[in-house]
Amino acid sequence: GWTVTLEEMASQVDEGTKFNHEVLEYDPIPTSVPMKSVRMLHLFSGPRREGDLEFFMKVYTAAIGILIIVDSIDVMIHESMDMNNDVFFEGLKSAVISGFYYLMHAGVVCRTWSIARFRKPGPPVLRTREMLYGLQGLSAKWQARVDNDNQLFFRTFQLAQIMEGLGGYYAIENPEDVGVPPFPSMFVTKEAERLRLEHSGFDVKFDQKMFGLEFLKGTQVLSNVIQL
């Protein structure tokens, strides 16, 4: 919708306007405009939509002269984009190891970590601050859910370590850690602490809400992006 043809441009020039080409000096027309480009991996992105992270990253980077290509990964986009699928994950990890991506953002699935489970009535508590990787004695259904989400968590943090080790950047987003028992948070796991100690990680906390909603939600990001 933004393409303007030469004919359209020419039609807007006053026919009476004359250009004296003999007295003008022209710089050569460049065959291409140099522009820095980077590639970003967006894990657990949800469906692609106007107003999502990919949308704003493209708007922001274009304003500062950077072309960003965002690969949004989520089973809501396509069922093949499953981080728990070994073949898919190994392909993604190989791309990260090769230096294909400059930065990564991941809003890791938090359904089994959520402190909302402590409100009753509601779904059962599956983790506590003392048992971060899952309670003992869970039913087969809930144990499978915890195992699934644990692997998503482990694999995301593994990719973050690889990114930083290659000089890239990562940001892992989840609900803010409330800081007291019995409430769990992936930000108090040994994997999170390793990112802080060995991979330049630090925490940023802020409140946010979806457009149109009244209530703010405490959010935390563990990242090595200093400007964050």
Side-chain angles (χ1 to χ4, degrees), residues 40-49 52-54 70-97 100-101 103-118 123-136 138-165 168-178 183-196 198-199 201 203-204 208 217-224:
M40 174 180 174
L41 178 61
H42 186 193
L43 301 177
F44 314 106
S45 64
R48 299 174 70 184
R49 60 206 180 276
D52 66 0
L53 181 62
E54 176 181 349
V70 181
D71 289 342
S72 295
I73 304 297
D74 199 293
V75 291
M76 296 181 69
I77 298 175
H78 196 278
E79 62 182 8
S80 65
M81 296 181 173
D82 184 359
M83 285 274 288
N84 275 339
N85 180 293
D86 292 341
V87 174
F88 178 80
F89 175 72
E90 289 302 321
L92 200 60
K93 186 170 72 171
S94 295
V96 172
I97 292 173
F100 190 66
Y101 293 105
L103 68 159
M104 177 191 88
H105 181 92
V108 189
V109 174
C110 63
R111 59 190 175 182
T112 59
W113 297 83
S114 176
I115 65 175
R117 288 181 171 272
F118 288 82
V125 172
L126 302 177
R127 309 174 190 265
T128 65
R129 205 172 189 84
E130 294 73 27
M131 303 190 72
L132 290 167
Y133 305 102
L135 298 179
Q136 295 180 353
L138 295 174
S139 68
K141 169 188 173 181
W142 293 115
Q143 186 63 57
R145 183 70 59 85
V146 168
D147 292 343
N148 180 87
D149 290 2
N150 280 347
Q151 182 158 268
L152 293 176
F153 160 77
F154 293 139
R155 289 183 166 181
T156 300
F157 276 65
Q158 181 184 4
L159 293 181
Q161 293 171 17
I162 297 171
M163 289 287 299
E164 192 276 336
Y169 298 92
Y170 65 85
I172 297 175
E173 176 187 343
N174 235 239
E176 181 180 358
D177 173 28
V178 297
F183 305 115
S185 170
M186 63 181 63
F187 294 118
V188 296
T189 60
K190 61 180 182 291
E191 289 78 15
E193 189 60 20
R194 181 178 178 184
L195 285 184
R196 296 184 186 99
E198 302 178 15
H199 299 279
D203 299 273
V204 177
Q208 67 170 341
K217 179 181 73 172
T219 301
Q220 186 166 343
V221 176
L222 176 57
S223 177
N224 68 332

Next item on the list: Could you please spell out the steps behind the salt bridge (Lys or Arg N to Asp or Glu O under 4.0 Å) verdict for Lys190 and Glu193?
Entry: CA-CA 5 Å; Lys190 61 180 182 291; Glu193 189 60 20; over 6 Å; no

Check: Yes or no on side-chain contact (heavy atoms from CB on, under 4.5 Å) for Met131 and Thr128, after CA distance, side-chain angles and deciding distance?
Finding: CA-CA 5 Å; Met131 303 190 72; Thr128 65; 3.7 Å; yes

Next item on the list: Begin from the C-alpha positions of Asn148 and Val109 and carry the test side-chain contact (heavy atoms from CB on, under 4.5 Å) through to its verdict.
Entry: CA-CA 10 Å; Asn148 180 87; Val109 174; over 6 Å; no

Notebook entry, point to check: Please walk me through it: do Tyr133 and Asn150 pass side-chain contact (heavy atoms from CB on, under 4.5 Å)?
Noted result: CA-CA 7 Å; Tyr133 305 102; Asn150 280 347; 4.1 Å; yes

Checklist line | side-chain contact (heavy atoms from CB on, under 4.5 Å) assessment of Thr112 paired with Phe153 | finding: CA-CA 11 Å; Thr112 59; Phe153 160 77; over 6 Å; no

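In this structure, Ser45 and Asp74 approach most closely via the heavy-atom pair N-OD2, 3.3 Å. In this structure, Tyr170 and Glu164 approach most closely via the heavy-atom pair CE2-CB, 3.8 Å. Smallest separation of non-hydrogen atoms from Pro184 and Ile115: O-CG2, 4.2 Å. Closest non-hydrogen pair, Met186 versus Phe157, comes out as SD-CE1, 4.3 Å. Taking each heavy atom of Ile172 and Ala160 in turn, the nearest pair found is CD1-CB, 4.0 Å.
Expressed to the nearest 0.5 Å, how far CG of Leu92 lies from CG of Asp82 amounts to 11.5 Å. Distance check, rounded to the nearest 0.5 Å: OH of Tyr169 to CE of Met163 gives 10.0 Å. To the nearest 0.5 Å, atom CZ of residue Arg117 and atom CG of residue Leu126 are 4.0 Å apart. Taken to the nearest 0.5 Å, the CG atom of Asp177 stands 6.0 Å off from the CD atom of Gln220. Going from atom CG of Leu135 over to atom CH2 of Trp142 covers 12.5 Å, rounded to the nearest 0.5 Å. Rounded to the nearest 0.5 Å, atoms CD (Glu54) and OG (Ser72) are 4.0 Å apart.
Shown here are the salt bridge (Lys or Arg N to Asp or Glu O under 4.0 Å) partners of Asp203, two or more places apart in sequence or in another chain: Arg196. Partners of Asp86 by salt bridge (Lys or Arg N to Asp or Glu O under 4.0 Å), not counting sequence neighbours, listed by chain and number: Arg155. The side-chain contact (heavy atoms from CB on, under 4.5 Å) check on Glu173 picks up His105, Gln208, Thr219, Val221, with sequence neighbours excluded.
Using a 30° and 60° split on the angle between ring planes, Phe118 and Phe183 fall in the perpendicular class, above 60°.
Contact annotation: the side chain of Met40 approaches that of Leu53 to within less than 4.5 Å [non-hydrogen atoms, C-beta and beyond]. Put simply, the side chain of Val96 does not reach to within 4.5 Å of the side chain of Met104, judged on heavy atoms. Counting heavy atoms from C-beta outward, Thr189 and Trp113 have side chains that approach closer than 4.5 Å. Contact annotation: the side chain of Leu159 approaches that of Phe89 to within less than 4.5 Å [non-hydrogen atoms, C-beta and beyond].
In this structure, Asn174 contributes its side chain and Leu222 its backbone to no donor-acceptor pair below 3.5 Å. Checking side-chain atoms of His199 against main-chain N and O of Gly201 turns up no donor-acceptor pair under 3.5 Å. Side chain of Arg127 to main chain of Ser185: no donor-acceptor pair is present (N/O by atom type, distance under 3.5 Å, no hydrogens or angles).
No donor-acceptor contact under 3.5 angstrom links the side chains of Gln151 and Asp147, judged on distance only.
Heavy-atom neighbours of Arg129 CZ from other residues, nucleotides or ligands within 6.0 Å: above the threshold of 12. The 12-atom threshold is exceeded at CD of Glu130, counting heavy atoms of other residues, nucleotides or ligands nearer than 6.0 Å. For Phe44, the CZ atom sits in a packed shell: over 12 heavy atoms of surrounding residues, nucleotides or ligands are nearer than 6.0 Å.
Salt bridge annotation for Glu191-Arg194: absent, with no cationic side-chain nitrogen under 4.0 angstrom from a carboxylate oxygen.
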